[in-house]
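Encoded as structure tokens, the structure appears first; notes follow it.
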Amino acid sequence: MTGGHSSSAFVDAHCHVDLFPHPALIVEQAEAHRIYTIAVTNAPSVFEHTARLASASKYVRPALGLHPELVHSHKHELDQFRRYLPQTRYIGEVGLDYTTLDQDIRSQQRQILATIASWANDAGDKVLTLHSRRAVSDTLEVLKGIKARMILHWFTGTYKELDRAIAEGFFFSVNGAMMQSAKGRGLVARMPKDRVLTETDGPFVKDGNSPATPSTVKVTVAHLAGLWELPPANVQARVLDNLRDVLVGTPL
Ligand SMILES: [Zn+2]
């Protein structure tokens, strides 16, 4: 029997379910292993497909996204974004990516993020999963004062930027790749335990030689258990509680 104690569920707060060769198998896995999975998307035009995949699932939550690296080519989909917005509580992947040195593209990214954030603010109950590569300061700046729950996914900024994000109430979703470097582990160790969620960023992050799938969060729970010197079951329960905090008490 499944069901049982809610503490036995896991969390994958950022997974690109639609980008696996067989997304339905990923949804099945999330159900079988009881992994609450935020299925982020990279463009509004693929949201419906992901929402359909998740429609029969208790654990997989479709998220509406516009990836910063696609803003330049897909900004015309913003109307679609607005139309789909009432259909889900989850927004992502959105954010800024300053890998590009093109100031015009960076500025477009900021405008799009500001627009999406203002819609989220008006809706009042949205949860954002955010990309902030080389752009943490501007990401925090754009999101200042926005009423929404914010999760910084795969944080790679500085300690100073991390401290600012903590002070501003952000949550953090951490993955296996972060645990592979001393810098990543240092950042995770500095995050308050009540702000940490697990994620895979599958299929982009690997688990050994294969793409990470939602059940890979079990490995990250074990890493956190080592880092926090807590039993894995406590870490798992803590992460699930943190997801409940993100949802402000709405039952999972
Ligand atoms: Zn991602």
Side-chain angles (χ1 to χ4, degrees), residues 10-21 23 26-27 29-30 35-47 49-51 53-54 59-74 77 81 84 88-100 105 109 112-113 116-117 120 126-136 138-139 142-143 148-157 165 170-181 184 187-188 196-207 210-217 219-220 239 243 246:
F10 289 87
V11 175
D12 183 353
H14 187 107
C15 182
H16 295 265
V17 173
D18 65 322
L19 298 181
F20 283 86
I26 302 301
V27 174
Q29 185 197 67
I35 306 160
Y36 288 102
T37 302
I38 302 181
V40 294
T41 54
N42 286 341
S45 48
V46 295
F47 172 74
H49 170 66
T50 299
L53 277 167
Y59 292 96
V60 180
R61 313 294 167 92
L64 175 60
L66 182 44
H67 195 287
E69 290 176 294
L70 296 185
V71 156
H72 187 59
S73 54
H74 289 64
E77 291 186 18
F81 195 108
Y84 287 132
T88 183
R89 187 163 181 193
Y90 302 89
I91 295 176
E93 178 163 3
V94 294
L96 303 179
D97 189 307
Y98 284 0
T99 312
T100 174
I105 293 178
Q109 290 182 9
I112 297 271
L113 181 60
I116 290 171
K126 300 297 186 193
V127 173
L128 276 64
T129 170
L130 294 150
H131 178 113
S132 59
R133 183 162 50 186
R134 299 189 192 165
V136 174
D138 277 7
T139 303
V142 170
L143 298 172
R149 291 300 207 166
M150 316 269 198
I151 307 166
L152 284 166
H153 123 83
W154 198 343
F155 183 90
T156 54
F170 283 75
F171 286 75
F172 305 90
S173 56
V174 305
N175 63 44
M178 296 173 74
M179 297 297 186
Q180 299 306 313
S181 72
L187 287 165
V188 174
V196 173
L197 302 165
T198 46
E199 66 157 55
T200 59
D201 203 17
F204 296 110
V205 168
K206 304 285 181 236
D207 173 21
S210 355
T213 60
S215 65
T216 308
V217 293
V219 180
T220 302
V239 168
L243 180 62
V246 166

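Start at 1 and go down the list; that is how both ligands and their atoms are numbered.
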At the Zn ion (ligand 1), NE2 of His14 and NE2 of His16 open up to roughly (10° bins) 100°

Is the shortest side-chain heavy-atom distance between Thr216 and Val205 below 4.5 Å? no

Tell me, which N, O or S atom in Glu93 is closest to the Zn ion (ligand 1)? OE1

Do any of the N, O or S atoms of His153 sit under 2.8 Å from the Zn ion (ligand 1)? no

Heavy atoms only: give me the nearest Thr220-Gly176 pair and the separation to one decimal. OG1-N, 3.5 Å

Rounded to the nearest 0.5 Å, what separates atom CG in Asp12 from atom CG in Leu243? 11.0 Å

Show your reasoning for whether ring pair (Phe, Tyr, Trp, His ring centres under 6.0 Å) applies to His14 and His16. CA-CA 7 Å; His14 187 107; His16 295 265; 5.2 Å; yes

Please name the atom of Asp201, restricted to N, O or S, that is closest to the Zn ion (ligand 1). OD1

